[in-house]
Amino acid sequence: NNATVGAFDYEEPPPTPRTWLVGWGRSSGTPSDVCRRVHDGDTVLIDSGEYVDGISDWSANNLTIIGLGKVVIRSNGSTSFKNALWEIEAGSVFIEGIEFRDHTTIDGKGTGLFIVGGDVTLRSCTFTGLQRCIVFDPQLIAARLTIEQCAFEGLGSETAYPLIDCRAIKSLSISGSSFHNAGSSAIVSSHAHSNVISACRADVTDLSLQPALDFPSGGFVQLSGTNVRADGGGAEREILRYGSGTMSDARDNRLFVGYNTIVNDGNAAVFVRAETTRLKSMRVINNLLVGDGLQSSGQASNETNTASNHYAYNISLPGFVDAAAMDYRITDTSPARFAAVQSGSITIVKDDGIDSTYSFQPLTSYVHPQNTARRTSWYDVGAYESVLSSHVDVVIADHPAIRIAPNPAQTSLTLTLPSALVGHDVVILDMQGSEVARITARDSSLRISLDGWSAGIFVSRCGTLSTRFFVLP
């Protein structure tokens, strides 16, 4: 705002950022009461409760919205002509701990969040009972969407649109999140320039109309550390589809699919289809693919390292902990153990034009519900490292004071101990808790020959310290 004092014009300083408290008995009783009163840089704290609220349009920049406890936002029914419960109209908005639910419209487009402008970060949010969860304005291109540890649940057969529908924005990033009951709609349909999905879990009941993951305009796509369960629906429907629409050579058209567990419970499907010839590079490696279907089709079939993907037609073959409950962790007897190949690194050109290079190996695995755990190695195929069988009682606590190299090893390894443990016995245990070897440490550096050892995971223990090491076939 401009004001005039005497002969001089000056611009009034922006208001000081403030914190708004929202809840019953407060000056702002509901989010819709406060959404048009907030200013740039403000924080909105919403008390725990269920808000049968009108539509909220948020227009401030650099806005933080946090739910204190369980905060549920529902439609009050009188605003059903509006498609979205909340509309984000400006840039840089952070939303945490909000549940958007039970909003449907006659045209089938009842939406939780409609994004018109700017960057949005969602953390620990839930979307359920909606016909669409997140939708972008088709005209919005300068935006980023980051989703962390969120839950999305569709309406099954009533869901006709993608749960997350991204237009040609700059980037989409999803991690530690779950998707359930998407019906015949896609979990994600994205035209974003960059798409990174890691350590997620998805349950798709029907692929007959749309693939589970769809990237029609190409761009950079990385799917890693994620487990997907789908019903193929017949006719070689795709679980992941890339480049089915109009693509531009100006984009960074690269596809990376690695360290995922993808299960098809239905009829024949295509796990990965990339039909476009505009791909600059593609790697589909170290995936655990289970069920009836083709590993890849189209352009993907020419560039997939099929030898590194473990394929099993029958759900019982990969050695899952509990396939019926979608617990796709693998046991220590799974053929997917130690079957991965080294995956190398990926280089991404960021918005500022600076290259960023990082390992293709996923750093985390999905932990239900909506969480992640650190992944420590690259040796196992699929979304998870192997877990101990139920009869194993070895307690593993990797201690940084014990160093083992190389790890994994094939012929020999060197174990380095703190000087205080010299003279003590080093005990090697297998995963059944049986003693494999016992060696007295005459020095802080101990070389161990692995001649005659079977492949597997072992624990070296000296005093109260222990750490794991891996022996390759």
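No hydrogens, no waters, no symmetry mates; every other heavy atom, side chains included, goes into these values.
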If you look at every heavy atom in A199 and T364, which pair is closest and at what distance?
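Shortest heavy-atom separation between A199 and T364 comes out as CB-OG1, 3.5 Å.
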
Nearest heavy atoms of A336 and I330, plus distance in Å
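Looks like CB-CD1, 4.0 Å.
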
Distance-only side-chain donor-acceptor flag, [X] / [Y], under 3.5 Å:
X: T331; Y: T333; value: yes
X: Q370; Y: S178; value: yes
X: N227; Y: Y328; value: no
X: N62; Y: S92; value: yes
X: N264; Y: D292; value: no
X: S316; Y: N314; value: yes
X: S412; Y: R447; value: yes

So for atom CD1, which belongs to I141, do other residues, nucleotides or ligands contribute more than 12 heavy atoms lying within a distance under 6.0 Å?
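For I141, atom CD1 is not crowded (no more than 12 foreign heavy atoms under 6.0 Å).
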
Between F114 and N83, is the side-chain contact (heavy atoms from CB on, under 4.5 Å) condition met? List the steps.
CA-CA 8 Å; F114 182 58; N83 282 333; over 6 Å; no

Test log, rule side-chain contact (heavy atoms from CB on, under 4.5 Å), inputs L213 and V221
CA-CA 11 Å; L213 299 163; V221 174; over 6 Å; no

Decide yes or no for [X] and [Y]: does some side-chain heavy atom of the first lie under 4.5 Å from some side-chain heavy atom of the second?
X: F100; Y: W86; result: yes
X: Y366; Y: T372; result: no
X: L113; Y: L85; result: no

Using the test side-chain hydrogen bond (donor to acceptor under 3.5 Å, both in side chains), find all partners of H424 that sit at least two apart in sequence or belong to another chain.
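Expected list: none.
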
What pairs with Y384 under ring pair (Phe, Tyr, Trp, His ring centres under 6.0 Å), at least two apart in sequence or on another chain?
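Result, ring pair (Phe, Tyr, Trp, His ring centres under 6.0 Å) vs Y384: none returned.
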
N/O donor-acceptor pair under 3.5 Å between S308 side chain and A340 backbone
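Such a contact is absent between S308 side chain and A340 backbone.
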
Kindly compute the distance separating CD1 (I65) from CD1 (I98), expressed to the nearest 0.5 Å.
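Reported to 0.5 Å precision, the distance equals 7.0 Å.
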
Between R229 and D265, is there a salt bridge with N-O shorter than 4.0 Å?
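Salt bridge present between D265 and R229.
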
Residues in side-chain contact (heavy atoms from CB on, under 4.5 Å) contact with T121, at least two apart in sequence or another chain:
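With sequence neighbours excluded, T121 shows a side-chain contact (heavy atoms from CB on, under 4.5 Å) to F94, T146, given in chain and number order.
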
For the residue pair F215 and Y242, is the inter-centroid distance of their aromatic rings smaller than 6.0 Å?
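No, too far apart.
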
Cation over ring face, R132 and Y161, 6.0 Å, 45°:
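Because its charged atom sits under 6.0 Å from the ring centre and within 45° of the axis, R132 does stack over Y161.
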
